[in-house]
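Indexing begins at 1, ligand by ligand and atom by atom, following the structure's order.
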Amino acid sequence: MSDPAPIFRVHPPGEPFIIAAAARIAEIAAQAVRARGRFSLALSGGSTPGAIYRHLARHAREQIEWPATHVWWGDERCVPHDHKDSNTRAAREALLDHVPIPAANVHLVPTHLAPDACAAEYERELRAFDRRTPLDLTLLGLGADGHTASLFPGGTALAERDQWVVHTAAPPASPVRDRVSFTLPLIGSSRRAVFLVTGAEKRDVVRRVLAARAGDPLLPASLVRARDPVEWLVDSGAAPDEHAA
Ligand code: 6PG
């Protein structure tokens, strides 16, 4: 049976995209809390989601039940949490320092540990939280090379079928090479996976990823599945012509 087609939504760039992405996250959060009394969210890194996180903190503060929310990171650079390239630092500054989420609900990646031990410890925490479906929503970005989280083209992590979190190596040109990342099985166990992509520079890779319906290890994002159909929230700059609004 073929995988369900992804859900693809396009919004004008800037505020309209940010508002729509924040609204979708809040909608999924409300559904999760209604159904299970909690919302478990994996944040994506990189630069794209920052404006969305800031919008959630400023304008969607009341729309998400932060005391019932748990936050994880889909990938993290193996640096201290106050490092300029830390996804934790970026999420704290944009969102987590500005909403009433209990500190115990912010599941920091233990980057003080060596990368392999860090990945193993994070996986232990995820499995202790929920051994089947720890995530209601995994947010994902898309690199120009087709990577997502810290799963890079042709990487051995793409073949991982059992572990949930692994140590990966970003390409030499990356800001930080040592990473820990969710694996495809963990992302796949999420109730929902939502890609957030903006900018004309991503249009071609979005087109190539969507065309690779069977999944291509040279385009890791094309291998992503979730329990519900994968969702793409893109701005009009990143939308291929055949998906233009
Ligand atoms: C990271 C990310 C990575 C990111 C993409 C897109 O830690 O870098 O998780 O997967 O989402 O590289 O990054 P931009 O949003 O900066 O284009």
Side-chain angles (χ1 to χ4, degrees), residues 11 13-14 17-18 21-22 25 41-56 71-96 107-109 111 115 118-119 122 135 137-155 157-158 164-184 186-187 190 193-210 217-224 226 230-235 237-239:
H11 297 277
F17 170 80
I18 292 165
I25 294 167
L41 166 66
L43 299 175
S44 69
S47 59
T48 298
I52 300 164
Y53 297 161
R54 283 189 292 277
H55 184 87
L56 285 172
V71 162
W72 311 81
W73 277 264
D75 70 316
E76 181 56 292
R77 293 85 181 273
C78 295
V79 293
H81 293 148
D82 59 359
H83 188 281
K84 67 178 178 63
D85 291 322
S86 166
N87 288 334
T88 300
R89 173 175 170 175
R92 276 174 161 167
E93 290 177 351
L95 174 60
L96 300 175
H107 302 274
L108 298 174
V109 180
T111 56
C118 176
Y122 209 46
L135 298 156
L137 172 58
T138 295
L139 296 176
L140 294 166
L142 178 66
D145 62 354
H147 83 259
T148 192
S150 282
L151 300 172
F152 296 97
L158 297 174
W164 277 5
V165 186
V166 291
H167 169 208
T168 68
S174 306
V176 177
R177 296 209 63 195
D178 278 318
R179 310 284 185 92
V180 293
S181 180
F182 282 9
T183 59
L184 292 169
L186 177 54
I187 297 169
S190 307
V194 176
F195 281 96
L196 303 170
V197 190
T198 60
E201 71 280 4
K202 297 284 177 73
R203 179 177 302 176
D204 179 60
V205 67
V206 170
R207 184 186 51 73
R208 288 185 290 119
V209 168
L210 292 176
L218 296 179
L219 292 168
S222 70
L223 298 168
V224 166
V230 173
E231 298 181 32
W232 289 78
L233 275 176
V234 306
D235 74 1

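- When non-hydrogen atoms are compared, ligand 1 lies under 4.0 Å from the backbone of Leu142 (N, CA, C, O) but not from its side chain.
- From Arg208, atom CZ reaches atom OG of Ser222 across 10.0 Å, with rounding to the nearest 0.5 Å.
- Considering backbone and side-chain atoms together, Ser150 places no N or O closer than 3.5 Å to any N or O of ligand 1.
- Interatomic distance, CG of Leu41 versus OG1 of Thr138, reported as 8.0 Å (0.5 Å rounding).
- At the shortest separation from atom 13 (O) of ligand 1 among protein heavy atoms lies Gly46 CA, 3.9 Å.
- Remark: side-chain polar atoms of Thr148 are paired, donor with acceptor, to backbone N or O of Gly141 under 3.5 angstrom.
- The residue Ala144 has no part lying near ligand 1, judged by heavy-atom distances below 4.0 Å.
- At a 4.0 Å heavy-atom cut-off, ligand 1 touches Thr48 through backbone and side chain alike.
- Taking the side chain as every heavy atom from C-beta outward, Leu210 and Trp232 approach each other to under 4.5 Å.
- The N/O atoms of Thr148, backbone and side chain alike, include none that comes under 3.5 Å of an N/O atom in ligand 1.
- Ring-plane geometry between Phe152 and His147 is classed as tilted, the angle between the planes lying from 30 to 60 degrees on a 0 to 90 degree scale.
- An N or O contact shorter than 3.5 Å links Ala149 to ligand 1 by distance.
- The protein heavy atom nearest to atom 5 (C) of ligand 1 is His147 NE2, 3.5 Å.
- Proximity of Glu76 to ligand 1, defined as any heavy-atom pair under 4.0 Å, is not found for any part of the residue.
- Proximity of a side-chain donor or acceptor of Asn87 to a complementary backbone N or O of Ser44 within less than 3.5 Å is not detected.
- Proximity annotation for atom 14 (P) of ligand 1: of Ala221, Pro175, Ser47, Ser47 comes nearest, heavy atoms only.
- Among the atoms of Arg77, some N or O lies under 3.5 angstrom from an N or O of ligand 1.
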